[in-house]
Amino acid sequence: MSIDDRSTAPSPGAPATAGAPGYGRAVIDLGTQRLTPGEVALVAVGGARFRAPQATIDLLARARRVIDSVLADGLPSYGVNRGLGPMRDQEIPLDLQEQFQHFVLASHAAGVGEALSPAQSRAILAARLAGLAQGGSGISVATFRALVALVDADITPVVTRFGSVGAADLAPLAAIGAVLVGRGSTFGPDGTRVPGAQALAAAGLTPATLGPKDALALVGANSGSIGLACLASLQLDTLVLSSDLVAAMTVEALGASLAPFDEVVAEARPMPGQVASAAAVREAVSGGDLEQGLIATISLQDALSIRTVPQVHGVLHQVASDLREILTVELNSPTDNPLVDVEAGVVRPTGNFSVLELAISAESTRLVLAHVGMLAERRIASLVQRVRSDRPLVDQIAAAASSAGFLTPVILANTASQVVVRLKHLANPLSTAGTTVGDGVEDHSSQAFAAVLATVEAIEATEILLAIETLLAADALSADIARRGSRRLGIGVAGLHGAVVDLTSALGSAEVAHDVVEKVRPLVAIAATAMSGRALRDATWHAQHEHLSDTTPADLVDDPGALRHRLRGSS
């Protein structure tokens, strides 16, 4: 990744700070280096742009010559001189090639429902460019450059939630292709819809003229599922850190035994995730009175929601790693059908557009999150019992009557119960629920697009549970500290507890729980990434981005909450 030191003014559809005057924009080379999920997110959220090196352009030109040869020789080829899907055996006359490209986009632009966020749409666009840069699509150089120009001009097509069965994200990608040719709609600076032609004109661009196979190259991939999953993957990485820290906070609040987190215990069954989770909890409580043995533990053996944190959270560590690896392969592979084999100079039919492995990874993630949520909900119930026992009713009434500070409602335990029910429901598989489409030709689908969207919801639900647990654990710790007169907390727990106390103390008693929980969510992420030993921005984008502090817009560095909201798809 290199840095472009020019400054650009915001343009139609730009994220709030992308390209803001005074800030350089990260430039990511396409096709000559392995793209990571973090770099896709940097384009989607951080305002980075793509560059097509000459080596990539040369590869695309070679692949395009293969398409030209197929057309010149009249060899029957899917989507080149023959139709698509059920019309795969019908010939496309040469004089109708340009019209056919528009027909493909129009006939596949079938997305419905609410729009995805601008960040999610940009992630999809970035993922498609990553795939096209591999040279397997045969896209024309001019069309490829026109797509890169959309990113450079911060033009963000509107893509909707429904329209893909996960056997190539046809409808979502057709929405992007429509904008490229001056149709469809984009996000304006204030979030309103702007016609595609208007957005292009405002950026000084003209609608692209598509050549043979260009339309299929634009829509014939699972870049929708991949782009959305890249954002989810980064959010999941932070959630892994958060889940261990919040559990450690509850361990401190309940005076639980630290024996199950001992290194010897973890190494007795050395699952990498289990070892990492136990180590994270030990680090979070290190230096505190509980860890030093100055506070007696309540029971010889605690409930499983505490004792099995390393074992359950350890699986979350593993699925997050697996998802990241799968996405890295997907981003750097030519998955088009047909595949242009540049070296052999032929076009080959393929099923590489099927992303079942990604779908199954998303399914597994939701299943694990349900278990993580089940543990959190039980710990929340234990914390409510502790808060009630430590704070007599008269004290609770006095606190509620006071105008100072926020009173954490203990009935948040009920809220947590509903959230975990939703998590359990989301754990049900979607990848096996597909139907046959395309007149029977497309008789299997991964449902990856739906699976990833459900995973995004599950991640957010788990974040809410952890925020609720954090609030209640902070209350329990504050009550214990008041009762004892003083108490030293573990280094990680102290940081999160202090941040939550500062927040709730500054709030009025009229504050509603929803708003407070939403304020706590980024606090948990900030504290957890700080505990990981990495800067927040580096943890969010993975450690690959050594110079990220120089390339991320200043408000995202200074206000991690803004970054978290964008990663969650908030406008």
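Model, not experiment: these values are computed from the prediction. Residues: numbered from 1 along the sequence shown.
With hydrogens and angles left out, the side-chain atoms of Glu363 and Ser431 include a donor and acceptor closer than 3.5 Å. Using modelled atom types, one finds a donor on one side chain and an acceptor on the other under 3.5 Å when comparing Ser164 with Asp169. No hydrogens or angles considered: a donor-acceptor pair under 3.5 Å links the side chains of Ser140 and Thr143.
Looking only at side-chain heavy atoms (C-beta outward), Ile67 and Val340 come within less than 4.5 Å of each other. A 4.5 Å side-chain heavy-atom check between Phe187 and Val194 finds every atom pair outside the cut-off. Side-chain atoms of Arg366 and Leu430, non-hydrogen and from C-beta on, do get closer than 4.5 Å to each other.
Test Thr156, Leu453, Val456 against Leu116 for side-chain contact (heavy atoms from CB on, under 4.5 Å) and you get one pass: Leu453.
The OG1 atom of Thr462 lies 9.0 Å from the CG atom of Leu426; values are rounded to the nearest 0.5 Å.
The existence of a salt bridge linking Arg422 and Glu457 is confirmed by a sub-4.0 Å separation between a basic side-chain nitrogen and an acidic carboxylate oxygen. Between Asp214 and Arg64 there is a salt bridge, with a side-chain nitrogen of the basic residue lying less than 4.0 Å from a carboxylate oxygen of the acidic one. Ion pairing between a basic and an acidic side chain is recognised when a charged N comes within 4.0 Å of a carboxylate O; Arg49 and Asp154 show no such pairing.
The side chain to side chain donor-acceptor pair (under 3.5 Å) analysis of residues 123-135, with sequence neighbours excluded, yields the pairs Arg128-Asp336.
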